[in-house]
Amino acid sequence: MANIINSLLGKCKEAYHKLLNLPESPKKVAQGIALGVAFDFLPVPFVSIPISFIVAKLIRVHAVAATLTVILFKPVVPLFFTLNIFVGKMLVGNAPSPITTEIAHGIPFLTKALLKIKALGLPFLVGCVVNAILASILAYFVAMKILEARQRARAKKLNSKMLNKT
């Protein structure tokens, strides 16, 4: 189990370093990262990777950054979906359950679970939209700060090397 966790953390670090070292302007990479974060909040679990790539190409942000971000945050998507339900319920309220107590005893467990999930529809979708917008804005500004700081550090290091040679 520890080996699996270490392997997963190593792959996350590798993806993080790939994101930070992409050879584009920080603004374009940060926009791609923001798009990728937004896609992880939306209910498109199996096709979010190719869709994020296509949308990134269409709106001309960094497609590799968007795709890598979607892949990087895949392990925490269940937490994002739980947060979507929580935020949606806060904003919209609880949807009425289609299962009354009188008919609850005759319904099989799986059908009952699916009906309860279906009842979460509107709060879940509202939470998805709100969280995707908020998280992508936050991700954009955090990524911009990190990428610009890295760029300044590289420039400073390059300048000091140039001064040492002369």
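All values below come from the heavy atoms of this structure, side chains included, with hydrogens, waters and symmetry mates left out.
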Atom [atom1] of [X] and atom [atom2] of [Y]: how far apart are they, to the nearest 0.5 Å?
{"X": "L83", "Y": "F124", "atom1": "CG", "atom2": "CZ", "answer": "10.5 Å"}
{"X": "S25", "Y": "E148", "atom1": "OG", "atom2": "CD", "answer": "10.0 Å"}
{"X": "R150", "Y": "K157", "atom1": "CZ", "atom2": "NZ", "answer": "10.0 Å"}
{"X": "L42", "Y": "N131", "atom1": "CG", "atom2": "CG", "answer": "10.0 Å"}
{"X": "L35", "Y": "D40", "atom1": "CG", "atom2": "CG", "answer": "10.0 Å"}

Which heavy atom of [X] sits nearest to which heavy atom of [Y], and what is that distance?
{"X": "G36", "Y": "V70", "answer": "O-CG2, 3.5 Å"}
{"X": "A66", "Y": "A56", "answer": "CB-CB, 4.0 Å"}
{"X": "L72", "Y": "P75", "answer": "O-CD, 3.4 Å"}
{"X": "L147", "Y": "A30", "answer": "CD1-N, 4.0 Å"}
{"X": "A132", "Y": "A38", "answer": "CB-O, 3.7 Å"}
{"X": "C128", "Y": "N84", "answer": "SG-ND2, 3.3 Å"}

Single-linkage hydrophobic cluster, 4.5 Å side-chain cutoff, [X] and [Y] together:
{"X": "V55", "Y": "I33", "result": "no"}
{"X": "L134", "Y": "V76", "result": "yes"}
{"X": "L68", "Y": "V142", "result": "yes"}
{"X": "L138", "Y": "M144", "result": "no"}

For the pair I51 and I54, evaluate side-chain contact (heavy atoms from CB on, under 4.5 Å) and give the outcome as yes or no after the intermediate values.
CA-CA 5 Å; I51 288 178; I54 292 167; 5.6 Å; no
So, for F39 and F73, is the gap between ring centers shorter than 6.0 Å?
no
Would you indicate whether the side-chain heavy atoms of P43 and L125 approach each other to under 4.5 Å?
yes
Run the numbers on Y140 and K145 for side-chain contact (heavy atoms from CB on, under 4.5 Å), then give the verdict.
CA-CA 9 Å; Y140 173 77; K145 289 286 183 192; over 6 Å; no
Once side chain to side chain donor-acceptor pair (under 3.5 Å) is applied, what residue pairs with a partner in residues 57-75 remain, sequence neighbours excluded?
S48-K74
Suppose we screen for side-chain contact (heavy atoms from CB on, under 4.5 Å). Which residues come up paired with I133, at least two apart in sequence or across chains?
V129, I137
Between V37 and F41, is the side-chain contact (heavy atoms from CB on, under 4.5 Å) condition met? List the steps.
CA-CA 7 Å; V37 168; F41 278 96; 4.1 Å; yes
